[in-house]
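In what follows, every chain begins at residue 1, and chains take the letters A, B, ... in the order their sequences are listed. No experiment lies behind these values; they were computed from the predicted model shown.
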2 protein chains.
Amino acid sequence: MSFRVLAACPQTAARVGVLTTAHGPLHTPAFMPVGTQATVKGLAPDELRALGAECLLANTYHLALRPGEELVRQLGGLHRFMGWDGPLLTDSGGFQVWSLAPLRELTADGVAFRSHLDGTPQVFTPERVVAIQEALGADIIMPLDVCLEYPAEERAAAAAVETTYQWLHRSLAAHRTMTQQLFGIVQGATYPELRRQAARALAALDLPGYAIGGLSVGEPKAAMAAALAATVAELPADRPRYLMGVGAPDDLLVAIGYGVDLFDCTLPTRMGRAGSLLTRRGRLHLRNARFREEPGPAVPDCGCAVCTRYPAAVLHWLFQEGHALAGRLASYHNLYFLCQLLRDARAAIAAGRFAAFREAFLRAWAPADAAARREQHARWRAARGTVARDA
Amino acid sequence: MSFRVLAACPQTAARVGVLTTAHGPLHTPAFMPVGTQATVKGLAPDELRALGAECLLANTYHLALRPGEELVRQLGGLHRFMGWDGPLLTDSGGFQVWSLAPLRELTADGVAFRSHLDGTPQVFTPERVVAIQEALGADIIMPLDVCLEYPAEERAAAAAVETTYQWLHRSLAAHRTMTQQLFGIVQGATYPELRRQAARALAALDLPGYAIGGLSVGEPKAAMAAALAATVAELPADRPRYLMGVGAPDDLLVAIGYGVDLFDCTLPTRMGRAGSLLTRRGRLHLRNARFREEPGPAVPDCGCAVCTRYPAAVLHWLFQEGHALAGRLASYHNLYFLCQLLRDARAAIAAGRFAAFREAFLRAWAPADAAARREQHARWRAARGTVARDA
């Protein structure tokens with residue numbers, strides 16, 4: 001795998017690059033759709049390709065529990081299992097263990113927890129998480145890390161950084177495959193100095209790429225930006241930077257401005273299933289009665305296969321009637337929207353006008369307000385059956 | 001609209017033809033996927049096109065109740081509403097009123113019933129059903145008819161034939177559009193002599209096409225074949241014949257042998273959502289444990305986009321996990337299977353070897369046994385919330 005920076009923004013830290021993997025190139029900045037259980041909910045691989053996705057993400061935690069990494073390996077690996085021959089990334093399961101599994105506990109070896117599916121006891125060690133991902137066979141893999149809820153105390157955040165660093169060493173020692181690239185993960189919660197230390201320590205290890213974890217977990221946007229700036233400043237310029245779990249359009253453009261190259265998030269598909277569409281002016285709710293008789297497209301300036309084909313009234317009606325096609329079409333639009341936003345961002349960076357592009361976008365964009373975001377976050381956590389904030 | 005017979009089988013009554021509509025040609029014998037509520041459940045128009053469907057069907061009864069034909073008309077008609085620019089057919093709602101709606105009652109004018117959705121009182125007259133379908137705008141439309149449960153007494157069947165005939169005259173008088181072709185519907189339950197009389201009376205009206213209703217409602221296969229033979233013998237050879245609601249592969253080939261040109265049924269999509277696949281040897285159940293670790297395709301001799309792409313184990317797993325993609329992929333396979341079967345049948349007819357083709361298919365095919373079929377039929381009726389057999 002190699003990463004090449006092709007163009008850099010003169011006013012911000014944004015850059016355009018290309019990451020070459022064993023399954024082809026990935027043009028950055030890039031958004032990676034999430035297939036938690038090896039399937040991007042409701043969408044088939046050819047649609048993901050058509051809407052512009054180049055790399056997909058799958059969840060180690062979920063696949064290890066069901067159907068199990070050995071079955072995926074026997075069946076020819078994750079690419080064959082997902083019907084996707086392009087680049088793939090698997091996370092480490094760290095975030096899911098900390099946010100999803102009940103009764104989790106840090107041990108000398110790793111983390112013990114119970115499956116959120118059936119309560120069976122499980123253990124993830126750094127070595128086991130690498131072995132799971134080697135059996136799955138994604139092109140980019142992640143080491144087990146310690147994730148904290150927001151807000152986290154500084155002492156707890158420092159301990160998480162230290163453990164994550166030790167686990168990274170064990171992960172590197174356990175990693176055997178040549179074609180899979182193991183990234184490091186920078187933790188440090190919202191403490192810029194901790195972030196700087198963690199990033200500096202990882203940078204010294206000369207890793208093929210660097211992930212930034214523990215953000216977008218409920219902290220204010222300013223705190224996320226400060227943590228991001230502190231982290232990226234210490235990372236080597238010639239390696240890709242991956243901001244985990246971030247997918248709101250405004251967050252993407254801000255992070256790109258700090259020099260981030262890769263993103264993933266379930267936001268576009270989760271929103272889609274709930275009947276919300278991303279637009280340049282914010283979110284739009286297809287169940288809204290104003291769409292009942294609307295013959296035009298739901299998002300008039302969108303060139304996606306859904307907006308150009310379906311009257312808004314039909315999408316409204318598919319949601320009202322509860323058809324499976326509804327969530328699929330809305331998810332398609334949302335993923336197209338983010339991939340198109342990043343295509344536009346790449347063009348703007350290459351043309352030296354990214355700062356103006358970001359400015360224009362943020363001016364038109366109406367973010368969900370802070371209270372709405374907190375409420376939504378709480379609902380999602382509740383829906384995932386997690387034992388929030390007791391960690 | 002015109003219908004041309006292009007080739008006829010020397011040993012059977014099977015023929016190959018082409019039906020030209022305002023939205024393009026339809027090659028017969030043809031299977032038409034059913035989009036009850038203007039959407040073939042889980043599948044998008046481009047997939048239906050890709051799997052070989054040329055004409056789709058939508059239900060007048062369902063669309064009149066929700067969202068209402070006027071909204072569909074305002075939005076540009078059913079083609080725009082469904083995102084489908086090929087031929088479309090709407091049924092008359094007769095079958096649904098008789099099988100789905102509670103408290104239905106024959107009146108002097110038509111049929112009064114309550115919506116199965118919210119209990120509101122509704123009236124369908126022949127004139128209103130034509131007006132609904134003219135607002136929807138399908139290429140082929142159907143007159144309101146009287147449908148009976150199986151078994152039906154001969155006197156009741158004769159009365160239904162008589163009423164259906166009178167309603168056809170009222171439908172023809174009400175029909176205004178030039179581009180929409182109104183077929184006639186032959187009823188007569190399982191009484192061959194009634195079928196012959198009904199077909200003869202309709203043939204004299206020189207209609208653009210003829211539908212055969214009231215079959216595949218639980219009667220033995222031999223009774224269906226006898227009714228079919230009696231009906232088709234009286235219909236003009238130069239008009240298309242449409243057997244309503246029939247979709248089992250063996251039934252299709254038998255009916256084609258009697259000279260039937262068009263079919264529709266929800267069977268392939270309903271089976272698909274339940275996890276069953278059509279194969280040349282009968283039905284296959286994807287939830288069966290034998291597929292858990294199967295790396296090969298679910299149906300090895302199938303060339304569809306699902307069988308060529310997904311290991312059977314992945315389809316099994318998608319059903320076990322309850323993913324929306326599961327029913328969609330299985331529905332795709334089943335519709336492909338029927339469209340491919342009819343493509344093969346057309347080639348066999350054109351080559352003069354249809355009888356051998358049908359024989360070979362029926363020898364390999366293991367039909368659901370009669371008890372299984374009856375049980376399945378009862379389950380479907382129960383699932384549809386209908387007041388079975390009290391008509």
Side-chain angles (χ1 to χ4, degrees), chain A residues 35-47 50 62-63 65-68 70-78 80-85 117 269 272-273 291-296 305-306 308-318 320-329 331-332, chain B residues 35-47 50 62-63 65-68 70-78 80-85 117 269 272-273 291-296 305-306 308-318 320-329 331-332:
Chain A
T36 296
Q37 295 181 287
T39 169
V40 178
K41 291 200 172 88
L43 293 169
D46 48 347
E47 286 155 352
H62 289 91
L63 294 173
L65 295 183
R66 278 216 302 248
E70 270 313 305
L71 178 58
V72 175
R73 192 187 54 73
Q74 276 171 46
L75 294 170
L78 193 55
R80 172 106 177 99
F81 194 83
M82 295 179 73
W84 176 261
D85 59 5
L117 297 172
T269 42
R273 292 197 301 282
F291 292 116
R292 194 179 172 275
E293 305 189 2
E294 174 55 56
V306 174
T308 53
R309 187 170 299 168
Y310 291 89
V314 173
L315 298 178
H316 169 84
W317 185 71
L318 289 170
Q320 293 301 98
E321 297 289 315
H323 280 295
L325 196 58
R328 169 183 164 190
L329 296 178
S331 296
Y332 185 100
Chain B
T36 298
Q37 295 181 287
T39 169
V40 178
K41 290 200 174 85
L43 293 169
D46 48 347
E47 286 155 352
H62 289 90
L63 293 174
L65 295 183
R66 278 216 300 248
E70 270 312 306
L71 178 58
V72 174
R73 194 187 54 72
Q74 275 172 45
L75 293 171
L78 193 55
R80 172 108 177 99
F81 195 81
M82 295 178 73
W84 176 261
D85 59 5
L117 297 173
T269 41
R273 293 197 301 281
F291 292 116
R292 195 180 171 273
E293 304 189 1
E294 175 53 56
V306 174
T308 54
R309 186 170 300 168
Y310 290 90
V314 173
L315 299 178
H316 170 84
W317 186 71
L318 288 170
Q320 293 301 98
E321 297 290 315
H323 280 295
L325 195 59
R328 167 182 165 191
L329 296 178
S331 295
Y332 185 100

Taking all atoms of both residues into account, what is the closest heavy-atom pair of Leu75(B) and Ala313(A), and its distance? CD1-CB, 3.4 Å

Side chain, backbone, both or neither: which part of Glu70(B) has a heavy atom under 4.5 Å from chain A? neither

Under the ring pair (Phe, Tyr, Trp, His ring centres under 6.0 Å) test, which residues partner Tyr310(B), sequence neighbours left out? none

So for Arg328(B), is it side chain, backbone, both, or neither that comes closer than 4.5 Å to the heavy atoms of chain A? side chain

Between Gln37(B) and chain A, with a heavy-atom cut-off of 4.5 Å, which part of the residue counts as in contact: side chain, backbone, both or neither? both

Closest heavy-atom pair and its distance - Leu43(B), Leu325(A): O-CD2, 3.9 Å

I need the residue from Ala326(B), Pro295(B), Gly76(B) with the largest number of non-hydrogen atom pairs under 4.5 Å to chain A. Pro295(B)

Checking heavy atoms, do the side chain of Leu329(A), its backbone, both or neither come under 4.5 Å from chain B? neither

How close do Arg309(A) and Asp46(B) get, heavy atom to heavy atom, and via which atoms? NH1-CG, 3.7 Å

Output all residues satisfying ring pair (Phe, Tyr, Trp, His ring centres under 6.0 Å) with Trp84(A), sequence neighbours left out; order by chain, then residue number. none

Which heavy atom in Arg292(B) sits nearest to a heavy atom in Pro67(A), and how many Å separate them? NH2-O, 3.6 Å

Contact class of Ala44(A) relative to chain B, heavy atoms under 4.5 angstrom: both

Region of Gln320(B) that comes under 4.5 Å of a non-hydrogen atom in chain A: neither

Looking only at Glu294(A), Met82(A), Lys41(A), Arg66(A), most heavy-atom pairs under 4.5 Å shared with chain B are made by Arg66(A)

Point-to-point distance, once rounded to the nearest 0.5 Å, from NE2 of His316(A) to CG of Leu71(B): 8.5 Å

Give me the atom names and distance for the closest heavy-atom approach of Gly42(B) to Ala324(A). CA-CB, 4.5 Å

